[in-house]
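Report on the following structure.
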Amino acid sequence: PQVNFTHNNSRVSAVLPSGESVEVLLFGATVISWKDCAGNEKLWLSDVAKLDGSKAVRGGIPLVFPVFGTAPDHAATSKLPSHGFARNTKWEFLGRSSSESSPSTGASDASIKLDFGLSSATLDDKSKELWPYTFSAIYSVTLTPDSLGTGIVVTNDGDKPFECQVLMHTYLRVKDIAKVEVTGLEDSEYIDKVDGAKTKKQSGAITITGETDRVYQPAKGPSEPVVVIESGETVFSVVRDNLKDVVVWNPWTEKAAGMGDFEPKTGWKNMICVEAGSVRGWTALEPNDTYQGAQTISV
Ligand code: TA6
């Protein structure tokens with residue numbers, strides 16, 4: 001059976017023979033939908049998320065590059081918009097590769113990889129002016145029957161070194177945040193951005209009982225999954241490849257009320273951002289160097 005694929009000048013979508021689907025907006029190469037074989041949406045997307053390119057998408061998986069948040073003390077990126085230009089720029093669709101399900105194993109092993117490209121050649125002038133480096137990036141979205149993978153490869157094509165940060169700002173959908181806990185980050189140091197950016201240490205599982213905005217340095221090493229558990233059941237497991245940090249964010253009531261593109265206002269109860277990235281410090285790329293980082297979210 002075939003992987004069903006459609007593509008127009010604003011979005012790309014694919015459906016596996018077993019029914020799972022993914023939809024990617026060329027704007028920001030933002031994954032805006034990921035459904036399981038029963039059609040259940042796994043990502044949270046605001047009801048009023050802008051999908052017309054007028055601003056970064058509120059939900060799905062916005063791609064953060066070359067800076068996480070704002071870095072006023074980092075000259076090269078201090079003038080960039082918060083979270084950089086990648087999520088605010090139209091990427092090119094470079095193509096797809098799918099492994100059809102073989103007759104013997106049936107639909108259970110089909111997969112599709114969608115590749116998107118952004119480079120200094122396709123970047124808008126304003127962003128180029130603010131970040132004058134010659135680079136190329138390929139962002140890949142890979143759908144299998146039980147996982148969604150996203151990965152980026154950034155190459156310094158110029159003759160000047162540059163530093164960057166990368167993060168996948170994943171909005172995971174949950175039924176009720178009050179019944180959620182996150183494991184895999186026990187004993188990890190984290191910066192608590194809702195408490196004066198103090199450095200703290202995580203003891204036990206993470207629960208969300210108010211506005212939460214933390215940058216974790218996972219203590220258990222790079223191959224330990226970060227697991228989202230709801231009512232005692234594992235609902236997501238995030239494995240990172242060369243993304244050394246994990247951000248956990250939930251806006252809670254006030255911040256949700258303050259975001260014009262966040263609807264419904266009670267939506268904070270149905271989402272948790274578990275964001276794989278390299279955001280503590282900077283990744284330096286010498287000319288011709290390449291950086292790659294990826295996440296695989298299993299359900
Ligand atoms: O996810 C962490 C974070 O940096 C939060 O501080 C919050 O600002 C969030 O990103 C959303 O940022 P945005 O620019 O998309 O509103």
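Every number for a ligand or one of its atoms is a count from 1 in the order of the listing. In this chain, numbering begins with 1 at the start of the sequence shown.
- Distance check for atom 13 (P) of ligand 1: a protein heavy atom is found below 4.0 Å.
- Taking CG of N250 as the reference point, atom CZ of R214 lies at 11.0 Å (rounded to 0.5 Å).
- Note on ring orientation: taking the six-membered ring where Trp is involved, the planes of Y171 and W44 are parallel (angle under 30°, cut-offs 30° and 60°).
- Ligand-side atoms of ligand 1 in range of K193: 4 (O), 6 (O), range being under 4.0 angstrom from any heavy atom.
- Among H169, R87, M259, the residue whose heavy atom lies closest to atom 15 (O) of ligand 1 is R87.
- Put simply, V274 and V279 are part of two different groups of oily side chains (I, L, V, M, F, W, Y) that touch within less than 4.5 Å, one to the next.
- Of all the heavy atoms of K255, none lies under 4.0 Å from any atom of ligand 1, so neither backbone nor side chain is involved.
- In this structure R280 satisfies the salt bridge (Lys or Arg N to Asp or Glu O under 4.0 Å) test together with E189, sequence neighbours excluded.
- Checking only distances, E275 does come within under 3.5 Å of ligand 1, N or O to N or O.
- In terms of protein heavy-atom proximity, atom 16 (O) of ligand 1 is closest to R58 NH2, 2.9 Å.
- The distance between the ring centers of F65 and F135 falls below 6.0 angstrom.
- Below 4.0 Å from some heavy atom of F68 lie the following atoms of ligand 1, by number and element: 4 (O).
- Heavy-atom contacts of D213 reach the following atoms of ligand 1: 2 (C), 5 (C), 6 (O) (cutoff under 4.0 Å).
- Among all protein heavy atoms, the one lying closest to atom 8 (O) of ligand 1 is H83 NE2, 4.5 Å.
- Seen from the ring of Y133, K160 counts as a face-on cation partner, given the 6.0 Å and 45° thresholds.
- Hydrophobic clustering keeps L94 apart from L63 (ILVMFWY residues linked when any side-chain heavy atoms are closer than 4.5 Å, directly or through intermediates).
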